[in-house]
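Below is one structure, written out as structure tokens; the observations come after it.
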Amino acid sequence: MSWTFKEDRPIYSQLVEHIKLGIVSGEWSPGSKLPSVRDLAEEAGVNPNTMQRALADLEREGLVHSKRTSGRYITEAVDMIDSIRDAIASENINNFIESMKKLGFTPEQTLDAFKQAVEGDKTK
């Protein structure tokens with residue numbers, strides 16, 4: 001997993017997003033054990049305290065839970081994972097639509113551009 005960060009937001013919130021994406025995309029399956037805080041922090045190139053804060057946020061959301069002395073695990077609540085995946089997809093779609101509006105695209109032009117992107121532009 002590639003960990004890249006932007007300067008516009010706190011690192012810990014980007015860590016939360018990154019781990020969520022790993023969960024909803026199936027990189028970590030429901031019920032599976034996460035690597036240790038130190039291992040994740042080393043992999044991401046961040047301070048373990050920053051990673052701990054991100055994981056604590058995910059625990060508060062219920063996406064991750066701790067088992068005393070054995071580490072952190074992904075929730076087994078597939079409905080929750082699916083709901084988060086749908087929310088992320090909806091946010092991405094809304095951002096795309098807003099960007100297209102700012103570029104002056106009509107809804108029909110936006111759909112055409114999207115369709116071309118999904119199918120691959122066959123004219124090139």
Side-chain angles (χ1 to χ4, degrees):
M1 171 177 349
S2 173
W3 301 79
T4 55
F5 304 105
K6 297 179 181 174
E7 306 253 343
D8 63 342
R9 292 185 341 272
I11 297 292
Y12 86 91
S13 66
Q14 294 179 65
L15 290 170
V16 169
E17 290 172 8
H18 192 82
I19 294 168
K20 272 186 190 179
L21 188 59
I23 294 168
V24 301
S25 69
E27 184 173 334
W28 290 307
S29 58
S32 66
K33 185 178 182 196
L34 282 171
S36 71
V37 171
R38 279 198 197 285
D39 288 345
L40 282 171
E42 186 176 320
E43 182 182 326
V46 299
N47 184 296
N49 293 330
T50 305
M51 183 60 72
Q52 175 65 33
R53 182 175 179 191
L55 291 170
D57 280 3
L58 291 167
E59 279 193 59
R60 276 190 290 282
E61 289 182 36
L63 198 55
V64 171
H65 65 277
S66 293
K67 290 186 182 175
R68 192 175 172 116
T69 71
S70 68
R72 286 191 171 89
Y73 293 81
I74 307 301
T75 183
E76 293 182 19
V78 176
D79 290 347
M80 176 191 288
I81 293 170
D82 289 345
S83 176
I84 291 169
R85 186 189 66 223
D86 292 347
I88 292 169
S90 181
E91 182 179 347
N92 286 330
I93 290 166
N94 289 334
N95 289 340
F96 170 73
I97 291 169
E98 284 304 311
S99 294
M100 296 302 279
K101 283 180 185 175
K102 288 178 184 176
L103 290 170
F105 280 74
T106 66
E108 294 78 18
Q109 290 171 320
T110 299
L111 284 171
D112 288 343
F114 184 79
K115 186 175 180 182
Q116 284 180 351
V118 168
E119 293 175 353
D121 189 350
K122 296 175 177 110
T123 62
K124 292 184 181 177

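Applying the under-4.5 Å side-chain rule to Ile, Leu, Val, Met, Phe, Trp and Tyr, the cluster around Y12 consists of that residue alone. Hydrophobic cluster membership for L103: I93, F96, I97, M100, F105, F114, V118 (Ile, Leu, Val, Met, Phe, Trp, Tyr linked by side-chain heavy atoms under 4.5 Å, directly or transitively).
Not counting sequence neighbours, the partners of E17 by the side chain to side chain contact (heavy atoms under 4.5 Å, CB included) test are R9. With sequence neighbours excluded, the residues satisfying side chain to side chain contact (heavy atoms under 4.5 Å, CB included) with N49 are N47. Looking at residues two or more places apart in sequence or on another chain, you find a side chain to side chain contact (heavy atoms under 4.5 Å, CB included) between S66 and E59, R72.
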Tabulate below the donor-acceptor pairs under 3.5 Å that side-chain atoms of residues 80-88 make, not counting sequence neighbours, or state none.
unit_1 : atom_1 : unit_2 : atom_2 : d
D82    : OD1    : R85    : NH1    : 3.3

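Atom-to-atom distance recorded for E27:CD and L21:CG is 8.0 Å, nearest 0.5 angstrom. Within the model, atoms OG of S36 and CZ of R38 stand 8.0 Å from one another, a figure rounded to the nearest 0.5 Å. Atom OG of S13 is separated from atom NE2 of H18 by 13.0 Å, given to the nearest 0.5 angstrom.
The shortest heavy-atom contact between Q109 and T106 is OE1-N, 2.8 Å. Residues I74 and P30 come closest through the heavy atom pair CG2-CA, 4.0 Å. Residue A44 comes nearest to M51 through the heavy atom pair CB-CE, 4.0 Å, listed as atom of the first residue, atom of the second, then distance. Residues P48 and A41 share a closest heavy-atom pair of CA-CB, 3.7 Å. A54 approaches L15 most closely through the heavy-atom pair CB-CB, 3.7 Å.
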Next on the checklist: Run V46 and F5 through side chain to side chain contact (heavy atoms under 4.5 Å, CB included) and show every step you take.
Outcome noted: CA-CA 10 Å; V46 299; F5 304 105; 3.9 Å; yes

Item to check | I19 vs L63, side chain to side chain contact (heavy atoms under 4.5 Å, CB included): CA-CA, chis, key distance, verdict | outcome: CA-CA 10 Å; I19 294 168; L63 198 55; over 6 Å; no

Checklist entry - Taking it one step at a time, do I23 and V64 satisfy side chain to side chain contact (heavy atoms under 4.5 Å, CB included)? => result CA-CA 10 Å; I23 294 168; V64 171; 4.3 Å; yes

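One N or O on the side chain of Q14 and one on the backbone of K6 form a donor-acceptor pair closer than 3.5 Å.
Residues W3 and L40 form a side-chain contact, since some pair of their non-hydrogen atoms from C-beta on lies under 4.5 Å apart.
In the hydrophobic cluster analysis, where Ile, Leu, Val, Met, Phe, Trp and Tyr join through side-chain heavy atoms closer than 4.5 angstrom, V37 is grouped together with V16.
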